[in-house]
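Keep in mind that this is a model prediction, so the values were computed, not measured.
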Amino acid sequence: LVDVRVAAEADTSASVPPGGRTPGEFASARAGPNTLTPGASVSLGRFAALLALQCGGEVDEKLDVLFRAASRDSERFDALRSVPRGALTEQQTVDALATHAAPVCKAAARSAGIDPADIVSANWSTLTFSPASYVAIDRGAKTVVVAIRGTAQLEDLLTDACCTSVPFCGGWAHAGVVASAWQVVQTQIAPAARAMANNPTFELLLTGHSMGAGVAACIAMLLRLGDADVLAAASEGIRKAVDEDGASEEGAAAATRNVTRAICHCFAAPSTCSLDLSNAAREYVTAVVAGKDVIPRLCYGSVRRLLRR
């Protein structure tokens, strides 16, 4: 929570307009327990998915973080935790993690009606300010989908509870949702942009339920406004598609354009941002609310008004 407040204060004093920040700003808000940096404490679930579904190129760095995290993760990884560092080859480690992640990926693919191979990146674990999410290619709809799960665990409740407002894209937004949006940007925008470069006619769809819907909406706003950090993450994925997957420069150019035209479908999204941002996003964000569902009407202000009454 302190990191989020510090980032908000930095943004308030900045002279750079929203959407025009230089790479690196908001670093404290984005840096969290799942940040992919050497030596960080991260979830083995995240690396299980990343290594199983998108290994290659940076396996050494990911393995280093993986074994550091192994000392503090769940009992399911006792066997891996007891293996000395370096005793397993990279491929053996990848195979072991793939065995753990494969059933989850297959279940998600079956539910979405797609091939498991079309789930190109996934984080099935949840930490505070880092909801579960995955990137999938819907070939029938010609869409690359970033799907974000809603509140399901204690860590998600802590994200929900961080409900004060912080400056965001020229308006105000839910602090916990904004912090979560930056985490998903760091982990999923590059794979999504890479998939788009390999499928240059596909559009980008962000979607989620409950808290995940609010996160999706915030990411869509950042993409539409051309935020420097978000576009840098997308460019990284597009460059990998060209260098490693053989994508064409034309496909890379199309992906660069289409990323900034992202649309968002929200299901039961909470009150996420100020009215000015909400009105500005009506062109590309569709919110679905079922009847008298309380969650979309619940926010810090409404709770205060209720308590006063």
K.L.:
CG of L307 to CZ of R309: how many Å apart, nearest 0.5 Å?
P.N.:
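Rounded to the nearest 0.5 Å, the CG-CZ separation comes out at 11.0 Å.
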K.L.:
Hey, does F202 have a side-chain heavy atom less than 4.5 Å from the side chain of T143?
P.N.:
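No, too far: nothing below the 4.5 Å cut-off.
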K.L.:
If you measure from NE2 on H209 to CD1 on I295, what distance do you get to the nearest 0.5 Å?
P.N.:
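It is 8.5 Å, given to the nearest 0.5 Å.
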K.L.:
What's the separation between atom NE2 in H174 and atom SG in C163, rounded to the nearest 0.5 Å?
P.N.:
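H174 NE2 to C163 SG: 5.5 Å, rounded to 0.5 Å.
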K.L.:
At their closest point, which heavy atom of A173 faces which heavy atom of V178, and how far apart are they?
P.N.:
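Answer, listing the atom of A173 first, then V178: CB-CG2, 3.5 Å.
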K.L.:
Distance check, rounded to the nearest 0.5 Å: S121 atom OG versus Q188 atom CD?
P.N.:
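The CD atom of Q188 is 3.5 Å from OG of S121, to the nearest 0.5 Å.
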K.L.:
Quick one: do E250 and R257 make a salt bridge, cutoff under 4.0 Å?
P.N.:
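Here E250 does not pair with R257 in a salt bridge, since their nearest N and O are not under 4.0 Å apart.
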K.L.:
Return yes if some donor-acceptor pair links the side-chain N/O of R224 with the main-chain N/O of R261 below 3.5 Å, else return no.
P.N.:
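Yes, R224 side chain to R261 backbone: donor-acceptor pair under 3.5 Å.
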K.L.:
What is the distance from atom CZ of R149 to atom OH of Y134, rounded to the nearest 0.5 Å?
P.N.:
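Nearest 0.5 Å value for the CZ-OH distance: 12.0 Å.
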K.L.:
When rounded to the nearest 0.5 angstrom, what distance separates NZ in K142 from CD1 in I137?
P.N.:
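The NZ atom of K142 sits 13.5 Å away from the CD1 atom of I137.
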K.L.:
Check whether N258 reaches the backbone of A254 with its side chain - one donor and one acceptor, N or O, closer than 3.5 Å.
P.N.:
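Confirmed, N258 side chain pairs with A254 backbone.
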K.L.:
Show the nearest heavy-atom pair for residues G251 and P200, with the distance to one decimal.
P.N.:
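Heavy atoms only, the tightest pair is CA-CB, 3.6 Å.
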K.L.:
Please test V185 against I219 for side chain to side chain contact (heavy atoms under 4.5 Å, CB included), starting from the C-alpha separation and ending with a verdict.
P.N.:
CA-CA 7 Å; V185 164; I219 297 174; 4.1 Å; yes
K.L.:
Taking the side chain as everything from C-beta on, heavy atoms only, tell me whether P131 gets closer than 4.5 Å to M211.
P.N.:
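Contact flag for P131/M211 side chains = yes.
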K.L.:
Go through the steps to decide whether V135 and V145 satisfy the test side chain to side chain contact (heavy atoms under 4.5 Å, CB included), and finish with yes or no.
P.N.:
CA-CA 6 Å; V135 178; V145 180; over 6 Å; no
K.L.:
Within the side chain of N199, is there an N or O that forms a donor-acceptor pair under 3.5 Å with the backbone of A195?
P.N.:
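Yes, because the side chain of N199 sits within donor-acceptor range (under 3.5 Å) of the backbone of A195.
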K.L.:
Kindly indicate whether the side chain of R297, heavy atoms from C-beta on, has any atom under 4.5 Å from the side chain of V289.
P.N.:
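With C-beta onward as the side chain, the pair touches.
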K.L.:
If you look at every heavy atom in A252 and I238, which pair is closest and at what distance?
P.N.:
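Shortest heavy-atom separation between A252 and I238 comes out as CB-CG2, 3.4 Å.
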K.L.:
Does the side chain of N123 come within less than 4.5 Å of S130's, by heavy atoms?
P.N.:
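Yes, their side chains come closer than 4.5 Å.
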K.L.:
With side chain to side chain contact (heavy atoms under 4.5 Å, CB included) as the test, would you mind laying out the steps for L223 and L206 before giving the verdict?
P.N.:
CA-CA 11 Å; L223 287 167; L206 297 131; 3.9 Å; yes
K.L.:
Hydrophobic cluster membership, with links at side-chain heavy-atom distances under 4.5 Å among I/L/V/M/F/W/Y: are Y284 and I189 in one?
P.N.:
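They do share one cluster, since a chain of ILVMFWY contacts under 4.5 Å joins Y284 to I189.
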K.L.:
Measuring only between side-chain heavy atoms, which start at C-beta, is V144 closer than 4.5 Å to L205?
P.N.:
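Sidechains of L205 and V144: no contact.
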K.L.:
Looking at A175 and V166, what are the two nearest heavy atoms and their distance?
P.N.:
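Looking at all heavy atoms of both residues, the closest pair is CB-CG1, 3.7 Å.
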K.L.:
Answer whether the closest heavy-atom distance between the side chains of R139 and I114 falls below 4.5 Å.
P.N.:
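Of all side-chain heavy-atom pairs linking I114 with R139, none is under 4.5 Å.
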K.L.:
Determine the minimum heavy-atom distance between A193 and A255, stating which atoms define it.
P.N.:
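The answer is O-CB, 4.1 Å.
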K.L.:
For K240, is there an ion pair with D245 - N to carboxylate O distance below 4.0 angstrom?
P.N.:
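No.
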K.L.:
Checking the side chain of R282 only, and the main-chain atoms of S278 only, is there a donor and an acceptor separated by less than 3.5 Å?
P.N.:
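Such a contact is absent between R282 side chain and S278 backbone.
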K.L.:
Looking at side-chain heavy atoms only, is the closest gap between V184 and I148 below 4.5 Å?
P.N.:
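The answer is yes; the side chains approach within 4.5 Å.
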K.L.:
With heavy-atom distances below 4.5 Å as the criterion, would you say the side chains of V230 and L222 are in contact?
P.N.:
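Side-chain contact under 4.5 Å: yes.
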K.L.:
Report, one line per pair, each donor and acceptor closer than 3.5 Å where one atom sits in a side chain of residues 262-277; sequence neighbours left out.
P.N.:
residue : atom : partner : partner atom : Å
S271    : OG   : P296    : O            : 3.1
T272    : OG1  : P270    : O            : 2.9
S274    : OG   : W172    : N            : 3.1
S274    : OG   : W172    : O            : 3.4
S274    : OG   : D276    : OD1          : 2.5

K.L.:
Check for a donor-acceptor pair, side chain of T187 on one end and backbone N or O of Q183 on the other, with a separation under 3.5 Å.
P.N.:
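Side chain of T187 to backbone of Q183, a donor-acceptor pair under 3.5 Å: yes, one is there.
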K.L.:
Under 4.0 Å between a side-chain nitrogen and a carboxylate oxygen: does that hold for E236 and R194?
P.N.:
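Answer for the salt bridge query: no.
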